[in-house]
Each structure stands twice: as C-alpha cells, then as structure tokens.
**Q** 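Once you've had a glance at the structure underneath, I'll fire off some questions.
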Amino acid sequence: MNRRELLQAGALLGGAVLGQVSTALAQESDGSVEFPPGFLWGSATVAYQVEGACREDGRGPSIWDTFSHAPGKTRNGDTGDVACDSYHRWREDIALLKQLGLKSYRFSIAWPRIQPTGRGSANQAGLDYYSRLTDGLLEAGIRPLATLYHWDLPQALEDDGGWPNRETAERFTDYSRLVAQALSDRIGDWVLFNEPKTFTQMGYLQGVHAPGRKDPLAFLRATHAVNLAQGQAFRTLKEIKPTLLVGSAFDVSPMLPATVSAEDQAAAVTADALLNLWHLQPALMGDCPAGVLLADRQEDILGFRPGDEAILRAPFDFVGLNYYTGFRVSRVPRGSGIPGADVRAEGAIVPGAPRGKTDIGWVIYPGGLHEILLRMHQVTGDIPIEITENGCAYNTRPDQDGRIRDDARIAYLRSHLKELHRAIKDGVPVRAYHLWSLLDNFEWAEGFAQRFGIVFVDFEQGQKRMFKDSGHWYAQVAATNRIS
Ligand code: FCB
C-alpha cells in the first residue's frame, strides 16, 4: 500500500486503525502537514451568541436574556437581543460557509424557542426555524452538527430551581425528545451539552455567567443533574432513531502543576478530575472521578441516589472536545468554598508562556492541544473525537483599504492545527475540526468586546459580514486538507 492508500484505509476503518496508519501522516520537508482524507473541516456558532430575534416567533426568555439585561453583568451592558441577526440572515451565513468550502457546521438549538417555558408541547415556529436552517445546510452540502444545550436555559426553569434541581434533567429529556422527533430525519449528529463544566461553574459557583449564582452546593448539584440529563437524553435520542450519532462537547485543558511540589502535583490531578473528567467519566463509566468529593459525602452533596449510576451512562458515539488554553494548578488552602469536597486546586492560566496571550487574555499554548488529546484518548479509547471548538479572540478591524489583516489569528490557528495533526499522527482518532467561530458574535460576559470570528461582523453598519485574512487562509486549509 502506498501512503495515500494507507491513509484511506485509516479513514474507512476508523479510530482503531487510525493509530496504526497514522505514522504515515508525513510532515513534508517544507514543514507542511497533510490531514487524513475525509477529515471534516467546519466552523461553529451558538444560538444566543448569533441569532438575536429574542422575542420573535414565540421564543421565551432564557437565563441569558435575564442576566445580560441585569445591570453590570456584561461588558458595556451588551445583550444578545440582536447579536448577528442570524435568525434572519441564516441564508447569508450558509453562503459564507459554502464560500469557505466547509463541510460541517456546528450550531445550537435554543431551548426557549422550542419550549418557551421549558415544558409542554413544542412551539412549531421554533422548530420551523431549525428545520429551514438544516435544509439550507444540506442543500449546500454541509453536515449539520446540532448542539441541544448551549447555555440558554428557559428562565421559567431557573425560577423552579435551575440545574441544581434534579427535575431539570427530566425537562431536558422532554425537550431533547421534541427536537429529535422533528429533526432526526435530517440531522444525524448531535451534541447533547456544550461545556457542562463551564456553565455549571461560571453560572452557579462563580456567578459570572447566567444565572449568576454563587453557591458551591448548587454548583455541585447542578453538575449531577446535568450528568443525569446527559444519560437520559442520550437514550431518548437512540430510542427515536438508533442510528443517530450522539456525543457531548467538553472543554478540556492540560493541568500543569505550578511547581514540582507533591502538593501541586496532587492538585493538578484533582483539577484534571474536576475540570476535564467530571462530565465525561459518568457518561462512559457511570461514576464520578475519585479524589474530588470526600467519598462519604457524595450522596448528600450531589444528591446522588441509588440507581443513578445506570442513569448517568451515555456510551457516546463520538466525543467533542473544545480547546483554548492550558492551566497552571497550585494547591490553595482548604476551606476554599466547596463543602464536603476535597477541592484544593485552582486553575490559573499558565503565566509567562512564551507565545503571549490573545486579546481576551487567554494564554496561547498550542502544545497543550497535543497534550490534552493524548490525555483524553486514554479515557475515550477508540471513540472518535471531534474538535468542536478551537479559536482565538483578536479584535483586528478593517484597514483603510477594507482588508482585515488578522495575522495573529492565522498564527494561532496554524500552530494549533499542527499540534492537532501531531496528535492524529500519534494515534488519537480525531475526525473533525470546528473553528470557533464563523462570525464575530456576542461573547457572553464580554459582550461584543471580543471578536473570535474569521468573518468580521460590523455591528454598527447593518450587520455587514466580511471575510478576514484568516477566513481566506482557512478556506485554503479546507480546500487542500493541509497546513503549509
Ligand atoms: C467557549 C464557548 C463558546 C465561546 C468560546 C469562546 O467556552 O463554548 O460559546 O464563547 O468559549
């Protein structure tokens, strides 16, 4: 077999074989690297970050509407009321994807469009919107990858206790059923949750994201309810159509001990358990990672009931991983706020990393992508992996001539894609990459102050979209399947 045939065999036979053939993924002498044939190049957006139209067609309020409208919660008081207006401009957005030559689009479905109060029958106008979007993508030859929960909990469910309330898992299961019944004839690939760690922690522990609570116990209970919901919804989707491919998207980072001390090393292990594995291990193995909660407090802290082990299970068809940066972990004094938990680690962004930071202040650490992929591969084994998000904030604006020269983004993407390629070469079965983000958009608590897009959106001038240099560069990557 020549190299191309070997690569083809790897793509056809999937993860197990990919490991053996991947050594054939050569690095050319000019430093360019080629991805396996059939590798899926894509991009991602999220309902609340791009859609706008928050009060249209029967959409109910979500916790992000409430939070962003509360004084002082987001930068400049920005909200997602209009965002990129993608609810009306979705055709234009699909045309952008097509021009870029991308083959996968990760978007999210807004729960409050489907169930305005988080319960009851489906709002047909909401389903119709996603049905149109899906048809448009399929017509353009783009795979729809739908995320069911990307942080926009219906406000009515928060009023009933939110994610710390176990009942919310039942509501999520009902919602997932309604969506899958309507769209699973055309959408085959589903992400259940986006970054469960981020929304439970920032929303219920740190209070810097919606719903803005600062309650350690509520945070831990929320994590358990989400894990239950993940297992239940997984089975619900499979009951509706067994051939659906179902996963979740987890944000992961290498946890680097701040010093060589035994304490910091132990803290890094704890951080890995709480930040990387807390929502993945329950799905794959039916239990929570050890060493975070004191063993005898698990039941009363999490609200863990007999039989939950089986409910948590979700033998994913693929695992989505989001990667942005690495963390430096050091021991912090006990009593750091989580009752009954042995959490001593505090994530801190790697200081003094040679490549600096992006405009949002996240340290640039490309090698961390290779590191964390190898680490997660130890847990996920042969399950295919998709990079569901990776990208960077640079607030480059158009020059006088109208061109947007975001060279820093190209450098970031190139260095990370090279590390991704290295991980594939080392046997990690990654089959897709979704760049965050297609569009500049509403970056949660940062509002519109941080631009992650490869397409510039002029929020002041009628939502005009313009490719940045990085967009042109990424189109080349997708067209050639290689990084030069
Ligand atoms: C991730 C979120 C995504 C986006 C990026 C920058 O954590 O999933 O919605 O905000 O960060």
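Counting convention: from 1, in listed order, for ligands and their atoms alike.
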**Q** Examine ligand 1 and decide if any of its atoms is less than 4.0 Å from a heavy atom belonging to Gln450.
**A** no

**Q** Gln49 versus ligand 1: do any nitrogen or oxygen atoms come within less than 3.5 Å of each other?
**A**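 Among all N and O atoms of Gln49, at least one is under 3.5 Å from an N or O of ligand 1.
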
**Q** Out of all atoms in ligand 1, which are within 4.0 Å of some heavy atom of Phe452? Include the element for each.
**A**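 With Phe452 as reference, the close atoms of ligand 1 come out as 6 (C).
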
**Q** Looking only at the side chains, is there a donor atom on one of Asp426 and His370 sitting less than 3.5 Å from an acceptor on the other?
**A** yes

**Q** Any ion pair linking Glu56 and Arg113 (charged N to carboxylate O, less than 4.0 Å)?
**A**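 Salt bridge between Arg113 and Glu56, a charged N being under 4.0 Å from a carboxylate O: no.
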
**Q** Which of these, Asp440, Leu97, Leu438, sits in a side-chain contact (heavy atoms from CB on, under 4.5 Å) with Val455?
**A** Leu438

**Q** Where is the nearest protein heavy atom to atom 2 (C) of ligand 1: which residue, which atom, and how far?
**A** Glu389 OE1, 3.4 Å

**Q** Provide, to 0.1 Å, the distance between atom 7 (O) of ligand 1 and the closest protein heavy atom, together with that atom's residue and name.
**A** Glu195 OE1, 2.7 Å

**Q** Does Glu158 pair with Arg171 as a salt bridge, N-O distance under 4.0 Å?
**A** no

**Q** Looking at Arg177 and Asp174, is there a salt bridge between them, counting it only when a charged N and a carboxylate O are closer than 4.0 Å?
**A** yes

**Q** Can you sort out which atoms of ligand 1 are near Trp444, meaning under 4.0 Å from one of its heavy atoms?
**A**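 Matching atoms, with element in brackets: 3 (C), 4 (C), 9 (O), 10 (O).
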
**Q** Can Asp189 and Arg106 be counted as an ion pair, charged N to O under 4.0 angstrom?
**A** no

**Q** Closer than 4.0 Å to some heavy atom of Tyr324 - which atoms of ligand 1 meet that?
**A**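 Answer, ordered by atom number: 1 (C), 5 (C), 6 (C), 11 (O).
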
**Q** Among all protein heavy atoms, pick out the one at the shortest distance from atom 10 (O) of ligand 1; state its residue, atom name and that distance to 0.1 Å.
**A**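 Heavy-atom neighbour on the protein nearest atom 10 (O) of ligand 1: Glu443 OE1, 2.7 Å.
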
**Q** Below 4.0 Å from any atom of ligand 1, is there a heavy atom belonging to Asn194?
**A**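 It does, in that a heavy atom of Asn194 comes within the 4.0 Å cut-off of ligand 1.
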
**Q** Hey, would you say the Phe39 and Trp41 ring centroids sit under 6.0 Å apart?
**A**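 For Phe39 and Trp41, the ring centres are under 6.0 Å apart.
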
